[in-house]
Amino acid sequence: MKEGTETLASLGEFRLIRDFFAPLQTGEAPGVVLGIGDDGAVLTVPRTQQMVTTVDSLVEGIHFDAASDPFLLGQKALLVNLSDIAAMGGKPCWYFLSLALPPETRIAWIAEFVRGLREAGERHGVTVVGGNTTGSRGGIGIHVTLCGLVSQDRALTRSGSIPGDRILVSGTIGDAALALAVRQGRLTLPEGPDLAYLTDRLDRPEPRLALGLGFSDAAAVHALIDVSDGLVADLGHLCAAAGVGATIQAENIPFSPVARRLLERDPGLFAAMVTGGEDYELLCTAPAGALDLLAALARDAGVTLTEIGVMTEATEIEVTRAGKTLVFERGGWSHF
Ligand code: ADP
Ligand code: MG
């Protein structure tokens, strides 16, 4: 098969599924009684567990454009969903792939997209078990539904924070926002290892699955969310879900060495870094007495976990920095 310029129009739906999507199904995940090829998948959920499910869409013109690398898109379509399963304390298993494709989509594009899905799927032990394929008169639409397993009644939710809870975040914040700023021409950074690091954080986020599972197994946190909308907005989601407020210290927010260097050069980048989104880190709250346990879980998971503040009885989020207080409402940048 020539994959260079050939398009879907010459391939057809049946061969597309047979040659590209069906081979994505692997024996990686347990519990698949019936996968691709029938009217529905049959999956076994062990008696002591529950299924946790999430879906995310990547739409051409909104999340990516014609020039975007299809390999990275395939990876990211899974990675953003894996992060949601991590944020529920689940173990990811099975996914459904629903695609809307214009007839002029190149087969080479599909092949690269599928390669990205396969790479991310194999790395995290998940397999496709079904999907849907339809034409599109607009751009490409990619919709991945991911199912995972969580121990009975151990799913970790956004609600449950109480005033006095410590707020902790994994990894580092703001790298993806900086990469996006460079890509959109709002920030200049020469080609080199720093830009490569930031770009990788945007294109290939690492879902914090081991940490989420550890939190669930140990019932160690009161509330958990993944940072996809931005640190402040997602902290706002935790606050709203529990009817509480929060105070965080800007000095404590974990920034990567690259981000810290850029921030020193231009302190004005701070707002974009804490509101920018796409960090895919885990943000949790827990009682002070659980901090040692949390540190041990983070060590076991091989990620850093940094305490950045405390939940309060207020109704808003305060970010204090060098004696000044910035007040955010609902994730928006509001006033000093
Ligand atoms: P139906 O008409 O019963 O919905 P389809 O003909 O749409 O079935 O799909 C045939 C089989 O191929 C189904 O098992 C479906 O889950 C699978 N499938 C279709 N599209 C995709 C896709 N993009 N990725 C993975 N599996 C797919
Ligand atoms: Mg059918």
Side-chain angles (χ1 to χ4, degrees), residues 1-3 5-45 51-66 68-85 90-149 204 207:
M1 186 192 307
K2 281 207 318 293
E3 288 185 352
T5 53
E6 212 181 336
T7 66
L8 285 192
S10 63
L11 187 68
E13 180 186 336
F14 173 78
R15 279 173 59 203
L16 180 63
I17 296 172
R18 186 194 63 190
D19 295 348
F20 289 95
F21 304 135
L24 266 179
Q25 192 170 257
T26 64
E28 308 258 354
V32 182
V33 180
L34 195 57
I36 289 180
D38 217 300
D39 297 309
V42 180
L43 307 165
T44 301
V45 177
M51 192 192 290
V52 52
T53 309
T54 184
V55 60
D56 258 305
S57 298
L58 295 177
V59 173
E60 185 173 349
I62 307 285
H63 303 96
F64 66 95
D65 57 36
S68 301
D69 181 338
F71 174 71
L72 294 177
L73 276 177
Q75 286 191 326
K76 193 149 179 185
L78 256 184
L79 294 176
V80 296
N81 280 291
L82 288 162
S83 179
D84 278 323
I85 295 292
K91 174 181 153 38
C93 299
W94 314 299
Y95 72 93
F96 296 83
L97 174 64
S98 186
L99 294 173
L101 300 168
E104 62 272 17
T105 307
R106 286 177 306 110
I107 292 168
W109 190 98
I110 301 280
E112 274 302 284
F113 174 73
V114 162
R115 194 167 70 83
L117 279 172
R118 173 176 292 115
E119 204 268 349
E122 281 174 0
R123 187 143 47 97
H124 296 289
V126 299
T127 182
V128 73
V129 289
N132 192 53
T133 308
T134 170
S136 167
R137 294 219 180 88
I140 294 173
I142 303 162
H143 313 277
V144 171
T145 303
L146 178 63
C147 308
L149 294 173
R204 293 159 43 94

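When a ligand or atom number is given, it counts from 1 through the structure's own listing order.
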Test of understanding: given a 4.0 Å heavy-atom threshold, classify the contact between L97 and ligand 1 as side chain, backbone, both, or neither. both
Here's a test for you: under side chain to side chain contact (heavy atoms under 4.5 Å, CB included), which of N132, I140, I142 qualifies with L99? I142
Using distance alone, determine whether G37 and ligand 1 share an N or O pair under 3.5 Å. yes
Can you name the salt bridge (Lys or Arg N to Asp or Glu O under 4.0 Å) partners of R115, sequence neighbours left out? E112
Suppose I only count heavy atoms of I36 and a 4.0 Å limit; which atoms of ligand 1 are within that range? 12 (O), 14 (O), 17 (C), 25 (C), 26 (N)
Quick note on ligand 1: atoms under 4.0 Å from a heavy atom of T133 include exactly 19 (C), 20 (N), 21 (C), 22 (C), 23 (N)
Is there at least one pair of N or O atoms, one from D38 and one from ligand 1, spaced under 3.5 Å apart? yes
Is the shortest N/O to N/O distance between V129 and ligand 1 below 3.5 Å? no
Please report the shortest heavy-atom distance between S57 and H143, naming the atom on each side. OG-ND1, 2.6 Å
Can you sort out the partners of E119 under salt bridge (Lys or Arg N to Asp or Glu O under 4.0 Å), two or more places apart, ordered by chain and number? R123
If we number the atoms of ligand 1 from 1 as shown, the ones under 4.0 Å from a heavy atom of D39 are 3 (O)
Determine the minimum heavy-atom distance between L16 and T133, stating which atoms define it. CD2-CG2, 3.7 Å
If every non-hydrogen atom of D65 is compared with every non-hydrogen atom of E60, which pair is closest and at what distance? CA-CG, 4.4 Å
